[in-house]
Amino acid sequence: LLGSFGLEAQEALAPRRRRDRRWAVPPRSGPSARPRAMFEADVIAKVRAPQQRPPRSAGLQHGPGGALLGLPFEDTSGQYDELADCFDYGNWAGGVFRLARFLATPVAARDGPVEWAQSMGKVVISYDLPDDCDIKDITVEMNRWQIKVSSPGPSGKREPWPDMTRDLRHTVRSLNSFWFVDETDDQRALSIILTKQDHTSWRELWKPTPAGTVVFRRSPFIHSSATYATSGDDRWTTLPRDAPKWGTTQAPNVEKPYTCFPAKLCIGAHDLELEGEFGAAIYVLFDRYHLQQLHGFMPLEEILMAEISERLVKVYLKFLLHSKEYVQIFEAALETDCIPEQSTWAMTWRRTQSPVGDFPALQLRLALRHAGGATLLRRVRHVADLGAPEQMIGTSTELAA
């Protein structure tokens with residue numbers, strides 16, 4: 001499962017193998033060394049300070065950067081405006097705040113003429129088109145580790161674009177990947193939406209390859225979960241233009257149906273961690289094997305959804321139930337009000353005493369309006385209490401709408 005969560009999970013788990021205690025911020029030396037409590041207090045203060053937080057809108061919601069994800073605080077608020085057309089990290093819907101995307105760092109970056117942005121499940125690549133480029137001539141292809149953009153050259157043969165035909169730093173999936181042309185005023189940009197294979201942050205877009213070397217690649221082991229939705233991705237695939245109507249018979253967004261058992265996926269346990277006077281983190285624990293299988297079916301941010309209101313937290317699997325609603329797997333009623341739009345979430349690991357062990361967990365971090373305590377959770381309900389079906393067969397997610 002560590003492979004599914006990427007390098008961040010492996011690096012985070014390393015200190016726990018060396019010493020039997022709670023995860024800690026990596027030790028620092030010199031004048032910058034500070035206790036964890038001071039570090040967390042500074043992070044929470046920066047996130048909550050009104051003068052440091054950008055205004056929020058009903059569409060794209062500005063997050064607190066990587067602060068509440070266990071990463072050093074950085075002000076990425078300016079970059080969120082640039083990503084409004086690419087990602088919807090959270091939005092208001094019917095009086096509740098819905099968390100939609102897992103934040104990744106860096107949020108956005110540039111590599112020469114190519115701009116790119118990411119969440120933990122998606123990568124958006126943007127490239128300015130020349131004035132004489134005919135959109136109808138563009139072809140975008142991909143396999144598990146490469147993309148190739150081409151158009152007819154002077155000789156009439158298709159020629160790849162050097163800036164957009166390269167090896168990717170990590171692997172991707174063809175399902176739910178597509179491209180479109182963004183036209184604003186007199187500018188045009190080619191935008192490619194790629195679905196990540198692993199739940200991880202990309203530190204760079206392209207894989208550095210020394211000149212004159214030969215790169216050998218290994219196909220995924222036939223029985224690993226990585227082959228579930230990518231068995232054909234080693235071959236070149238032509239990506240569709242514009243967002244297809246995923247989930248239809250003409251464009252299904254899964255390679256084959258997946259049978260999910262909610263009661264096996266969610267082990268019916270949670271944990272609570274108070275973070276200072278006005279912060280709290282709720283951990284919803286999962287079974288690692290079934291979570292790995294679910295991630296092999298579809299990226300976690302395409303499957304999981306959280307709804308936050310002032311006094312209620314809900315978590316869903318985005319499998320359609322009765323064609324109208326999603327399957328609810330967790331619910332927590334709060335004793336005090338929280339600030340829904342300042343909520344963040346992340347996939348992490350959690351060590352608990354009951355049940356005993358290390359479990360993959362969905363971490364929901366809340367900003368409280370009033371001081372909370374050990375009795376913050378007034379009522380908690382899990383899968384067995386919420387009437388979820390024993391098993392479901394998934395064929396599409398919310399992208400079919």
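Sequential numbering from 1 along the given sequence is applied to the chain's residues.
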Note, [X] side chain near [Y] side chain (heavy atom, < 4.5 Å):
X    : Y    : value
I192 : V124 : no
L368 : D337 : no
L265 : Y289 : no
P299 : R173 : yes
F178 : V140 : no
I138 : C133 : yes
V327 : M392 : yes
I339 : R369 : yes

Determine, step by step, whether R169 and L205 satisfy the side chain to side chain contact (heavy atoms under 4.5 Å, CB included) criterion, reporting the C-alpha distance in whole Å, the side-chain angles of both residues, the deciding distance to 0.1 Å, and the verdict.
CA-CA 5 Å; R169 186 64 182 89; L205 177 62; over 6 Å; no

For the pair Y326 and M305, evaluate side chain to side chain contact (heavy atoms under 4.5 Å, CB included) and give the outcome as yes or no after the intermediate values.
CA-CA 9 Å; Y326 297 136; M305 182 182 72; 3.6 Å; yes

Backbone N/O of [Y] and side chain of [X]: donor-acceptor pair under 3.5 Å:
X    : Y    : answer
R158 : D137 : yes
S343 : P340 : yes
K122 : E301 : no
T105 : V107 : no

Heavy atoms only: give me the nearest [X]-[Y] pair and the separation to one decimal.
X    : Y    : answer
S201 : H170 : O-NE2, 4.4 Å
F330 : V380 : CE1-CG1, 3.5 Å
W202 : P106 : O-CD, 3.4 Å
H295 : D198 : CE1-CA, 3.9 Å
D163 : V114 : O-CG2, 3.7 Å
L168 : K207 : O-CB, 3.4 Å

Distance check, rounded to the nearest 0.5 Å: R235 atom CZ versus S174 atom OG?
9.5 Å

With rounding to the nearest 0.5 angstrom, report the CE to CZ distance, M142 to R144.
10.0 Å

Looking at the rings of W345 and F102, which for Trp means the six-membered one, are their centres under 6.0 Å apart?
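Under 6.0 Å, so yes.
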
Will you find, in the side chains of H290 and D287, an N or O donor that is under 3.5 Å from an N or O acceptor?
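The criterion, which ignores hydrogens and geometry beyond distance, is satisfied for D287 and H290.
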
Is a side-chain donor-acceptor pair under 3.5 Å present for Q391 with K264?
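Absent: no donor and acceptor within the cut-off.
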
Is there a side chain to side chain contact (heavy atoms under 4.5 Å, CB included) between T195 and V172 once you walk through the steps?
CA-CA 6 Å; T195 303; V172 292; 6.0 Å; no

Yes or no on side chain to side chain contact (heavy atoms under 4.5 Å, CB included) for T139 and E141, after CA distance, side-chain angles and deciding distance?
CA-CA 7 Å; T139 299; E141 301 171 88; 3.9 Å; yes

side-chain contact (heavy atoms from CB on, under 4.5 Å), paired with I308, selected from V315, L366, T344
L366

Can the positive tip of R350 be found less than 6.0 Å from the middle of the six-membered ring of F359, inside 45° of the ring normal?
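Checked: cation-pi criterion not met.
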
Counting only heavy atoms not in D131, do more than 12 fall under 6.0 Å of its CG?
no

Would E335 and R379 count as a salt bridge (charged side-chain N to carboxylate O under 4.0 Å, His left out) if you check the C-alpha gap in whole Å, the side-chain angles of each, and the deciding distance to 0.1 Å?
CA-CA 9 Å; E335 281 286 357; R379 184 188 72 250; over 6 Å; no

May I ask you to decide whether R381 forms a salt bridge with E331, counting only side-chain N to carboxylate O separations under 4.0 Å?
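Salt bridge: yes.
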
Residue pair E183, R188: steps toward the salt bridge (charged side-chain N to carboxylate O under 4.0 Å, His left out) verdict
CA-CA 5 Å; E183 301 187 47; R188 299 183 306 167; 5.5 Å; no

Tell me which one of Q328, K314, R98 satisfies side chain to side chain donor-acceptor pair (under 3.5 Å) with E307.
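Going through Q328, K314, R98 one by one, the side chain to side chain donor-acceptor pair (under 3.5 Å) with E307 is satisfied by R98 alone.
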
Using 30° and 60° as the class limits, which term best fits the ring planes of W161 and Y127: parallel, tilted or perpendicular?
tilted

